[in-house]
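Working notes, beginning with the structure itself.
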Amino acid sequence: MCGIVCAFDLKQPSDSLRSEILEMSKKIRHRGPDWSGIYSSDNAIMSHERLAIVDPKSGRQPLFSYDNKLVLAANGEIYNHKELRIFLEKKGIKFHTDHSDTEVLLNGISHLGNDFINKIVGQFSIVFFDEKKQLFTTPYRQFT
């Protein structure tokens, strides 16, 4: 199980908060001992501790959209990621990673919107940061 630590809408310089976020992330490193990654900008810091189950070689996080406008940190597993990747590739969507199930989430939602969530079979939690709009979001699916 991965671990995620994020700070958004920063009120002080990200350089001063980065070490604090890294310290918090170290406390949950046992959740994701295979990779530690961090993204920081003027308005956001996202740290990710990865347990590499799917695509251990190229699925590092935080993960960036192909156009580098969106940043994603996720925990979980997408069971139908292979089928969804084929679906997205047929729409002309490009991928950075070899087989990352997380990148399917990132590309699907960034290109097709939150309705893409309804195509996903799996268990996951995700957080996006839109660098251009300076907004973060956690898309969700409602169950009835």
If you measure from OG on Ser65 to CZ on Phe128, what distance do you get to the nearest 0.5 Å?
9.0 Å
Could you tell me whether the side chain of Asp42 reaches within less than 4.5 Å of the side chain of Leu10, counting heavy atoms only?
no
To the nearest 0.5 Å, tell me how far Leu22 CG sits from Ser47 OG.
5.5 Å
Check: Val127 and Leu72 side chains under 4.5 Å, non-hydrogen atoms:
no
Could you tell me if the side chain of Phe129 sits less than 4.5 Å from the side chain of Ile45, heavy atoms only?
no
Mind checking whether Phe8 and Phe136 have ring centres under 6.0 Å apart?
yes
Closer than 4.0 angstrom, basic N to acidic O: yes or no for Arg85 and Glu89?
yes
Side-chain donor/acceptor of Glu103 to backbone N/O of His96, under 3.5 Å:
yes
Would a distance-only check, ignoring hydrogens and angles, find a side-chain to backbone donor-acceptor pair under 3.5 Å from Ser110 to Leu106?
yes
If you round to the nearest 0.5 Å, how far is OG of Ser25 from CE of Met46?
11.5 Å
Chi angles and distances behind the side-chain contact (heavy atoms from CB on, under 4.5 Å) call for Ile117, Ile126:
CA-CA 11 Å; Ile117 291 277; Ile126 54 178; 4.2 Å; yes
Hey, does the side chain of Asn80 reach the backbone of Val121 with a donor-acceptor pair shorter than 3.5 angstrom?
yes
Indicate yes or no: at least one non-hydrogen side-chain atom of Leu84 is less than 4.5 angstrom from one of Tyr79.
no
Can you tell me how far apart NZ (Lys91) and NE2 (His111) are? Round to the nearest 0.5 Å.
11.5 Å
Quick check: closest heavy atoms across Ile109 and Phe116, and the distance to 0.1 Å?
N-CD2, 3.8 Å
Tightest non-hydrogen contact, residues Val71 and Pro62, listed as CG1-CB, 3.7 Å
Could you tell me whether a side-chain N or O of Ser100 sits under 3.5 Å from a main-chain N or O of Thr97, the two making a donor and an acceptor?
no
Residue pair Arg18 / Ile38, side-chain heavy-atom distance below 4.5 Å
yes
Evaluate the side-chain contact (heavy atoms from CB on, under 4.5 Å) criterion for residues Lys26 and Glu23: first the C-alpha distance (whole Å), next the side-chain angles of each, then the deciding distance (0.1 Å), finally the verdict.
CA-CA 5 Å; Lys26 282 181 189 177; Glu23 282 301 313; 3.2 Å; yes
Does Phe87 reach the side chain of Glu83, with side-chain heavy atoms less than 4.5 Å apart?
no
Contact check, side chains of Leu70 and Asn107, non-hydrogen atoms, under 4.5 Å:
no
Okay, side chain of Ser14, backbone of Ser41: is any donor-acceptor separation there less than 3.5 Å?
yes
Less than 4.5 Å apart, any side-chain heavy atom of Phe124 and any of Ile78?
yes
Determine whether a donor-acceptor pair (N or O, by modelled atom type, separation under 3.5 Å) exists between the side chain of Gln61 and the backbone of His48.
no
Ala7 and Ile21 have their tightest heavy-atom pair at CB-CD1, 3.8 Å
